[in-house]
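Every chain is numbered from 1 and lettered A, B, ... according to where its sequence line falls, protein lines coming before strand lines.
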Amino acid sequence: MNNRIFTELDSDKKLLSIYFTAGYPHLNDTVKIIQDLENSGVDMIEIGLPFSDPLADGPTIQESSTTALKNGMTTEILFNQLQDIRKTVSIPLIIMGYFNPMLQFGVEDFCKKCNEIGIDGLIIPDLPLDVYQEQYETIFKKYGLINVFLITPQTSEERIKKIDAASNGFIYMVSSASVTGSKSGFGKEQESYFKRIASLNLKHPQIVGFGIKDKKTFAQATETAKGAIIGSAFIKHLTAHGTDNIESFIKSIR
Amino acid sequence: MKYHVDEKGYYGEFGGAFIPEMLYPNVEELRQKYIEIMYEESFQKEFHQLLKDYVGRPSPLYYAKRLSEKHGAKIYLKREDLNHTGAHKVNNTIGQILMAKRLGKNRIIAETGAGQHGVATATVCALMGIKCVVYMGEIDIARQAPNVARMKMLGAEVRPALSGSKTLKDATNEAIRDWINNPVDTHYIIGSAIGPHPYPDMVTRFQSIISEEIKWQLKEKEGKENPDYVIACIGGGSNAAGTYYHFLDDMEVGIIAVEAAGKGIDSGESAATSALGKVGIIHGCKTMLMQTNDGQITEPYSISAGLDYPGVGPMHSHLYKSGRAEFYSATDEEAMRSGLELSKLEGIIPAIESAHALAIFEHKKFNPDDVLVISLSGRGDKDLQTYIDYFKLA
Ligand SMILES: Cc1ncc(COP(=O)(O)O)c(C=O)c1O
């Protein structure tokens with residue numbers, strides 16, 4: 001399978017990945033945000049498909065989702081916005097969203113559309129591993145999509161190994177017991193968790209998310225992990241500065 | 001057992017545990033242990049002792065003579081309204097607080113809409129001396145002031161859910177987020193037969209005391225354990241699940257569910273999930289829910305805050321889809337009229353939720369010798385202001 005995510009994971013550098021909510025701050029900002037992120041040197045992008053009830057997200061991402069939905073964002077509109085994205089953007093693009101909107105769109109139709117557009121992977125926090133394997137894995141594979149699973153500090157070693165075995169790109173390593181955007185800096189607890197995971201020598205590289213917000217936390221997270229994902233901090237930047245200053249935010253990270 | 005949960009946590013195609021990985025350890029721990037813990041002898045003993053001495057069970061099965069004459073059937077009311085705290089909700093919270101203690105948890109969180117489940121949770125936390133945080137939509141806090149005050153008197157902290165539509169579904173989201181943030185010391189007491197497996201089954205088993213009692217009480221009164229119909233209102237479906245439980249496989253017992261039609265099914269202001277919903281995922285469970293074509297969960301409406309939930313528990317989706325249960329929905333007007341009728345005919349002021357179950361007589365005719373058991377899930381004290389405003393009583 002020739003997937004852009006593999007190319008990035010195979011490179012020597014630490015990866016900077018950015019999450020943003022599609023349709024925020026304005027309905028039609030999606031393409032500009034993606035292009036500006038790539039031009040600023042970001043390695044991978046997670047495009048958030050907004051959901052009314054994002055259980056795993058904190059206030060920042062949730063409010064951006066509420067606004068995006070008010071702005072009129074739908075699955076259909078997002079796919080239309082992304083129709084020509086591969087003419088200008090070459091880094092990996094991942095759609096992150098909750099399962100219900102995908103279920104209503106039709107999981108196979110959703111995956112097919114992702115494939116046509118050039119989406120490389122999906123992160124679906126509320127699609128559990130066993131259901132994925134029993135019902136959806138063959139569809140995801142048919143359309144060349146990497147499904148990314150999460151682990152957390154509470155995930156048992158046994159389950160981490162199971163998730164590692166079921167993964168085919170990278171593992172999304174949630175930095176702490178929290179929803180998105182709720183931690184201020186990393187302490188001893190995270191350090192030892194990062195080390196513990198590194199020492200397991202998993203088959204798949206890990207990319208850390210939740211609580212990465214600046215140069216320092218990015219450096220801490222990528223000391224052992226392959227990369228890190230910034231979400232809430234970037235949304236806050238968009239809230240404060242709109243879409244004009246994306247490069248300055250990225251340059252402040254690395 | 002085809003109407004009970006299977007070993008994977010499904011009722012037919014409904015149920016399961018669609019949860020983010022952050023919740024997996026907690027939900028999995030519960031899944032592995034809940035059956036074993038709840039059928040331990042010491043658990044059963046403590047549970048039943050509290051139901052008896054603290055809640056006041058068994059709740060009476062009352063033959064409503066004048067109501068029966070009016071509607072031409074033999075109508076029994078299962079008096080959950082006489083429970084401590086005024087509704088069936090406490091059956092579940094007693095069970096779950098004992099579960100939480102055995103799991104070694106020392107902090108409780110809950111969601112609440114009208115405040116009934118919040119009060120029932122705050123009550124058992126006071127009883128056990130355990131810290132309690134209740135999430136409640138900002139809008140509900142404003143319209144349910146007496147229950148907010150009750151929770152505070154009972155020592156609970158009431159935290160406003162400020163996100164989304166600021167009502168029950170958002171309070172549930174906030175409670176789930178709290179659990180993600182506090183995975184080790186906290187137990188989440190869900191208030192209805194909803195959520196990820198094993199919650200719907202666990203809540204149903206705690207509430208099944210209702211149908212267990214109906215069986216022997218009816219035997220005493222009618223000489224037979226099985227009525228012709230059991231009837232309950234459905235918000236998330238906990239009083240209904242408890243009322244149906246021991247009759248699910250007795251096919252001669254008709255099962256009737258009454259949902260809240262709000263201002264009418266086609267009015268755009270309704271909570272009749274079976275009529276308006278589609279299969280989807282809500283709060284960790286695959287079930288019927290009200291949503292847009294795009295899969296965004298919509299805000300329901302009912303005059304009764306306790307029926308104001310955009311989904312139904314997975315057991316009920318299965319009962320609906322399989323045809324085992326008949327589903328009806330009652331409008332605000334029908335429910336209010338039925339609530340007033342019960343007050344005048346029997347001297348019982350029902351919760352507006354329960355009044356929806358009584359509104360079955362607006363929709364279905366019974367035979368004179370049909371024996372009906374209606375779940376009178378709660379009392380109307382909490383709804384007095386709504387009754388006053390609606391009937392201009394003051
Ligand atoms: C008296 C009463 N009945 C019914 C309900 C609806 O809940 P459920 O469908 O879980 O029984 C509520 C919820 O608050 C209630 O207070």
*asked:* Show me the pairs that pass salt bridge (Lys or Arg N to Asp or Glu O under 4.0 Å) and involve residues 166-176 of chain B, at least two apart or across chains.
replied: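 Pairs touching residues 166-176 of chain B that pass the test: A/Asp53-B/Lys169, B/Glu174-B/Arg177.
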*Using non-hydrogen atoms and a limit below 4.5 Å, what part of residues 102-111 of chain B faces chain A?*
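The residues closer than 4.5 Å to chain A amount to none at all.
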*Is there any residue in residues 310-318 of chain B with a non-hydrogen atom under 4.5 Å from a non-hydrogen atom of chain A, and which ones are they?*
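The list, in residue order, is empty: none.
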*If you round to the nearest 0.5 Å, how far is CG of B/Leu162 from CD of A/Gln62?*
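A/Gln62 CD to B/Leu162 CG: 10.0 Å, rounded to 0.5 Å.
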*asked:* Working to the nearest 0.5 angstrom, can you tell me the gap between B/Lys8 NZ and A/Glu134 CD?
replied: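 If I round to the nearest 0.5 Å, the distance is 3.5 Å.
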_Which portion of B/Val279 sits near chain A, non-hydrogen atoms under 4.5 angstrom_ =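 For B/Val279, the backbone is the part near chain A, not the side chain.
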_chain A contact via B/Asn293 - side chain, backbone, both or neither, heavy atoms under 4.5 Å_ =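 For B/Asn293, the contact with chain A is made by the backbone alone.
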_Within residues 104-116 of chain A, residues adjacent to chain B where the heavy-atom gap is under 4.5 Å_ =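 Only A/Gln104 of residues 104-116 of chain A have a heavy atom under 4.5 Å from chain B.
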What pair of heavy atoms forms the shortest contact from [X] to [Y], and how long is it?
| X | Y | value |
| --- | --- | --- |
| A/Leu55 | B/Ile180 | O-CD1, 3.8 Å |
| B/Met22 | A/Ala56 | CE-CB, 3.5 Å |
| A/Asn100 | B/Gly295 | ND2-O, 3.0 Å |

*Under 6.0 Å from the CG atom of B/Asp266, do we count more than 12 heavy atoms belonging to anything else shown?*
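No - once you tally the heavy atoms of other residues, nucleotides and ligands closer than 6.0 Å, there are 12 at most.
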Donor-acceptor contact below 3.5 Å, side chain [X] vs main chain [Y]:
| X | Y | value |
| --- | --- | --- |
| B/Gln296 | A/Pro50 | yes |
| A/Asp126 | B/Gly284 | no |
| A/Ser52 | B/Ile297 | yes |

_Using heavy-atom distances under 4.5 Å, tell me whether A/Ile163 contacts chain B through its side chain, its backbone, both, or neither._
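Contact with chain B: side chain only.
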*Which answer fits A/Leu69, side chain, backbone, both or neither, if we ask what part of it has an atom under 4.5 Å from a heavy atom of chain B?*
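Only the side chain of A/Leu69 comes within 4.5 Å of chain B.
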*chain B contacts, top residue of A/Ile151, A/Thr74, A/Asp130 (heavy-atom pairs, under 4.5 Å)*: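 Heavy-atom pairs under 4.5 Å are most numerous for A/Thr74.
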Contact between [X] and [Y] at the side-chain level, heavy atoms closer than 4.5 Å - yes or no?
| X | Y | result |
| --- | --- | --- |
| B/Asp294 | A/Met73 | no |
| B/Tyr24 | A/Thr155 | no |
| A/Val179 | B/Asn181 | yes |

_Let's test your reading of the structure: which of B/Ile281, B/Thr172, B/Leu289 forms the most heavy-atom pairs below 4.5 Å with chain A?_
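Ranked by contacts with chain A, first place is B/Ile281.
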*Given the rule in the salt bridge (Lys or Arg N to Asp or Glu O under 4.0 Å) test, do B/Glu21 and A/Arg159 qualify, once you have shown the distances and angles that lead to the verdict?*
CA-CA 10 Å; B/Glu21 193 62 32; A/Arg159 187 158 168 88; 2.5 Å; yes
